[in-house]
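These numbers come from the heavy atoms of this one structure, side chains and all, not from hydrogens, waters or symmetry mates. Order of the sequence lines fixes the chain letters, A, B, ..., with proteins taken first and strands second; residue numbering starts at 1 for each chain.
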Amino acid sequence: MMNRTAFIKFRGTNSFLLHSLSSFQFSTHKASLHSNVSSLIHKITNLNDALKLFDEMSHRQPLPSVVKFNQLLTAVTKIKHFSSSLDLFKQMCSLGVPVSNYTMSIAIKCCCQLHRTKDGFALLGCCFRRAIAPDVYIFNALLDGLVLEDRILEAEMLFKKLIKQKLCEPDVVTYSTMIKGLCKFGNNVTTLALLRLMEQTNCKPDIFTYNTIIDSLFKDKMIDDAFKLFKEMVSDKGILPNVITYNSLICGLCKFGRWDEASKMLKQMEDENISPDVHTFNVLVDAFCKEGKVEEAEVVINIMIERGKVPNLVTYNSLIDGYCLQGEMIKAREIFDSMTLRGLAPNVVTYSSLLNGYCKNRNIEGAMQMFRQMTGQGLKPNVVTYNTMLQGLFQVGRCVAARRLFNEMHAQGRIPDRCTYRIVLDGLCNNHLVEDALSLFYLVGNSKLNSDIAVYNILIDGAGKNGKVDVARILFQGLIDKGLQPDVRTYNVMISGFCREGQLGEAKLLFLKMEESGCPPDDVTYRVLLQGYLKKRHYDDVEMLLQEMDDRGYSLDASTLSLFIDHIAAGLLDRSMLKLLSKLVPKELLDDPRLCDWE
DNA sequence: ATAGGGTTAG
């Protein structure tokens, strides 16, 4: 075959020669294509190459076999161009390629991955019409589609139907997909039952099955069960954990602050010659960032790079979020710029972190500018983005703008979630719009949104702070009537409301009720009650409360302490209390110059 | 000579 240099040498010598040369090249190219479609398909890395190859294949006479087309479709599906893959499938049909069950399974998978499981089922109908017997691959793809669309009941129905009507022999993938669906809905009891059922059949659970369940148990905070299953997998079934198993374990342990065990797992992993991948490093980066240890996170990233792993969008997003949580917006922007320079396009998560950072710093203009930049890049804000912006706007008292944004959220088809609801209620209460918050609350009525103790805490606090302790009392009774369990915060905001109105008797009664209700007071409870007592110059229980605080190992905060000092300075409280107070003051507060003559 | 399932971020 003529090579490229030879071709160049001929240029300009003779146009006829050039023409024949190029056609010669073309035909040899085609010839090599014909014999080597499979090897060309394996080299496909982008959609364009795939489409070109398809075009050339479809012009061949005779047409390449269906196997070649299936290979190409697989390649396109692997690079996640599902709708292009479907287009090619349609073209295959109109070209008259005799599509097989392989082709159908790929096409159905594409529909399902596009959240168009309905079309997937339509293609199942086509199978019957074309006398293609649907196999387990096809049913697995459909089952996965239903799970993906959260249609868990239909997934269960399909699963049972497959078995009952013997539509196909379910295999380990069928079971694992069903298990994934059950896990997604937090139904760990049924999940484990299905795992046991599986063990009775001849398709045994494999590493995929176990990884799915172990990860789900961690997500549901069932750490001990997760480890039990992990041991069962390794010891009883002899299945070796892989990098994904370890990633789940390490991620779960980090989330619960169980650092020692997490690093033990890292060591164990290395001992077994399983090297950490980008995902593992990302878990560690994120864990450090969440702990406020951004420098450590940067160290992890350096190790990651030393080991030849390339940080990706997730890595940078975690780091940016870490800096934003610390309010270090300059660093956050630096990382943002450097990731853009590396050709990584920021996504909605990146922007939401930045918005959050600006809002935390009460820089609402900065947040707005980011919001506009984000939408300008064609990124659609999601519920989290809107929640962040709403919180920021309420925080700086821009209730009208918040309202406008809430309406926009609605217009964009974003359904407010429990966080949105809490943010709006809290925002209204903190901006002296308790009446509005209450009307919204009553409008929502007896729904799941209102069966949330946090919602009651917000409203009780809002009512109390706005001089509506009677409303607070009604709300408190209401939540008890509903069968909700008040938590420490509920008691704290209620006690704080009573204290503010000088109803110290009520405050004390509720305080005493906490212990017997199995919800012991925390340091905040004591601070609130003490401040209430001091402000009303009601000193009877003060010493006893301080003593209790000491017994429980609680400490005083700066503002309560300051109040005590004022009362002592005014001669309202005896100086003998200083000794007890000094025991309750954290070291950093002892530096206060006003306290130098304490001991 | 071709098809499928598991882990991460706001």
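At the heavy-atom level, A:S100 lies nowhere under 4.0 Å from the strands shown. Note on A:T385: a base of the nucleic acid sits closer than 4.0 angstrom, heavy atoms only. At the heavy-atom level, A:I214 lies nowhere under 4.0 Å from the strands shown. Base engagement by A:N347 is indicated by at least one non-hydrogen atom pair under 4.0 Å involving a base atom. Using a 4.0 Å heavy-atom distance criterion, A:V172 is classed as a base contact. Among the protein residues, A:T212 comes within range of the sugar-phosphate backbone only, with heavy atoms under 4.0 Å from sugar or phosphate atoms but none that close to a base. Within the nucleic acid shown, A:N282 comes within 4.0 Å of at least one base atom, counting heavy atoms only. Heavy atoms of A:V348 sit under 4.0 angstrom from at least one base atom.
Taking the centre of each ring, A:Y102 and A:F69 stay at or above the 6.0 Å mark.
Between the A:S235 side chain and the A:E232 main chain, no donor and acceptor come within less than 3.5 Å of each other. Looking at A:N312, its side chain does come within 3.5 Å of a backbone N or O of A:T315 through a donor-acceptor pair.
Salt bridge annotation for A:E199-A:R196: present, with a cationic side-chain nitrogen under 4.0 angstrom from a carboxylate oxygen.
Looking at A:S352, its side chain comes within 3.5 Å of the base of B:dG10 through a donor and an acceptor atom. Residue side chain A:T177 does not reach the base of B:dG5 through any donor-acceptor N/O pair under 3.5 Å, judged by distance alone. Side-chain atoms of A:D206 and base atoms of B:dG6 include no donor and acceptor less than 3.5 Å apart.
Comparing B:dA1, B:dG6, B:dA3 by their nearest atom to the side chain of A:F208 picks out B:dG6. Relative to the side chain of A:N382, the nucleotides B:dG6, B:dG10, B:dG4 differ in distance, and B:dG10 lies closest. When each of B:dT7, B:dA3, B:dG10 is scored by its nearest atom to the side-chain atoms of A:H279, the top-ranked nucleotide is B:dT7.
Among A:Y386, A:F336, A:F371, A:Y358, the one residue that satisfies the ring-ring contact (aromatic ring centres under 6.0 Å, His included) test with A:Y351 is A:F336.
By the 5.5 Å and 30° criteria, A:Y137 is not stacked with the base of B:dG4.
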